[in-house]
Amino acid sequence: MGYELEKFKTDVNLTELAASKGYVLDRRASSRNSAVMRHPDGDKIIIARYDGSTHWIYFSVRDDSDNGTVVDFLQNRGSGTLGEVRKTLRTWLGSSRPSMQIPLFVQDLQPVSRDRANVIASWGKAEICTALPYLTGRGLGPDVLGLPLFANCVRVDNRRNALFPHYDKTGLCGFEIKNKDFTGFAAGGVKGLWYSQTNTTVNRLVLTESSIDAISFHILQGNEYTRYLSTGGELNPQQPALLRGAMEKLTTSAVVVIAFDNDNGGEKLAKEVAAIAPTYCKLERVKPDQCAGKDWNEVLKKKLGLN
């Protein structure tokens with residue numbers, strides 16, 4: 001019996017099972033390591049797989065007690081006793097299982113640690129942010145946060161903190177937490193890269209130390225052909241490869257604007273990026289005017305009279 005339960009948890013694709021219950025895959029909000037699915041009744045779940053055990057797991061955004069494996073998923077949705085759930089899941093291990101179209105689910109997910117699964121769950125519970133007093137006070141209002149360029153690039157948690165997501169090669173890996181006089185990072189998460197949305201006509205990649213600086217730069221001198229990327233401060237061991245990968249995706253005519261702070265830390269970062277950039281990349285170092293501020297948000301606030 002224990003072997004059968006384990007097989008259910010590892011072999012039954014929870015995204016496919018959820019699709020059979022009416023959940024719809026949100027591909028834009030999903031990544032290689034997590035799937036976001038929504039039900040017509042308003043429920044939203046986040047699905048992942050644990051590394052090591054490779055169990056399929058889920059979290060409901062609207063109910064903290066609604067989480068677990070495929071067994072919990074069915075029991076929490078009125079599928080009966082454990083014995084009845086077993087009978088249902090047995091059909092999903094063989095060829096007799098319901099036939100679902102592939103666009104409705106994902107075939108697999110990159111397994112994640114428990115820490116990263118918790119990061120993914122916390123991010124999923126946060127709301128899309130298009131306005132927040134803290135950000136408005138720094139010059140970032142609804143007019144810019146609501147742009148398609150920054151769609152899903154900022155969220156807000158139940159404490160009214162601004163959250164800025166970081167991604168690595170497998171997907172969401174953490175998020176910065178910012179508020180007045182406070183900066184933190186998701187517990188159990190690691191820094192990757194924050195980035196804005198992109199399109200096929202991008203000819204400029206702007207690198208900044210913070211996501212707030214990136215959005216500020218856009219307000220000051222951005223255009224529709226620019227993508228923004230932030231390191232969240234000094235580089236950790238995995239970020240150089242991520243940065244190089246982002247630069248390698250650019251066309252040969254694109255420009256990489258190194259817009260780090262106008263201080264010693266910014267100069268150190270600029271040199272590190274120049275050292276890892278592909279040889280064909282056109283690099284341009286752009287610094288904030290020290291008379292206005294050492295970073296782009298300070299420049300923006302001074303321009304708007306918010307200092």
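Starting from 1, each residue takes its place in the sequence as its number. These values consider heavy atoms only, across backbone and side chains, with no hydrogens, waters or symmetry-generated copies. Note that the structure is a prediction, hence the values are computed from the model and not measured.
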Under a 3.5 Å cutoff, is there a donor and acceptor pairing between the side chains of [X] and [Y]?
X	Y	result
S34	R116	no
T251	N203	no
T69	D72	yes
D213	S216	no
N76	Y58	yes

Next on the checklist: Pair F73, Y23 - check ring pair (Phe, Tyr, Trp, His ring centres under 6.0 Å), show working.
Outcome noted: CA-CA 12 Å; F73 177 80; Y23 285 83; 5.8 Å; yes
Item to check | Where at least one partner belongs to residues 275-290, residue pairs that pass side-chain hydrogen bond (donor to acceptor under 3.5 Å, both in side chains), sequence neighbours excluded | outcome: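 Qualifying pairs: E267-R285, E267-K287.
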Item to check | Residue pairs, two or more places apart or on separate chains, that pass side-chain hydrogen bond (donor to acceptor under 3.5 Å, both in side chains) and touch residues 130-145 | outcome: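 Every side-chain hydrogen bond (donor to acceptor under 3.5 Å, both in side chains) pair that includes a residue of residues 130-145, provided the two are not neighbours, is Y134-R138, R138-N297.
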Next on the checklist: In this structure, would L229 and L242 fall into the same cluster of hydrophobic residues linked by side-chain contacts under 4.5 Å?
Outcome noted: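 Both belong to a single hydrophobic cluster.
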Checklist entry - Same hydrophobic cluster for L172 and V190, using side-chain heavy-atom links shorter than 4.5 Å among ILVMFWY? => result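 Different clusters: L172 never reaches V190 through Ile, Leu, Val, Met, Phe, Trp or Tyr contacts under 4.5 Å.
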Please determine if [X] and [Y] form a salt bridge, counting it only when a charged side-chain N lies under 4.0 Å from a carboxylate O.
X	Y	answer
D66	R77	yes
K191	E176	no
K268	E272	yes

Checklist entry - When the ring planes of F175 and W123 are compared, do they come out parallel, tilted or perpendicular, using 30° and 60° as the limits? => result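 It falls in the tilted class, 30° to 60°.
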Item to check | Residues in salt bridge (charged side-chain N to carboxylate O under 4.0 Å, His left out) contact with R244, at least two apart in sequence or another chain | outcome: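 Partners of R244 by the salt bridge (charged side-chain N to carboxylate O under 4.0 Å, His left out) criterion, ordered by chain and then number, come out as E248.
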Checklist entry - What distance do E127 atom CD and N158 atom CG have between them, rounded to the nearest 0.5 Å? => result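 Going from CD on E127 over to CG on N158, the span is 10.0 Å.
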Next on the checklist: Checking Q221 against W296 for the side-chain contact (heavy atoms from CB on, under 4.5 Å) test, could you report, in this order, the C-alpha distance in whole Å, the side-chain angles of both residues, the deciding distance, and whether it holds?
Outcome noted: CA-CA 10 Å; Q221 49 180 290; W296 297 104; 3.7 Å; yes
Item to check | Candidates T10, D11, L109 - the one meeting side chain to side chain contact (heavy atoms under 4.5 Å, CB included) with T54 | outcome: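 In the set T10, D11, L109, the residue that makes a side chain to side chain contact (heavy atoms under 4.5 Å, CB included) with T54 is T10.
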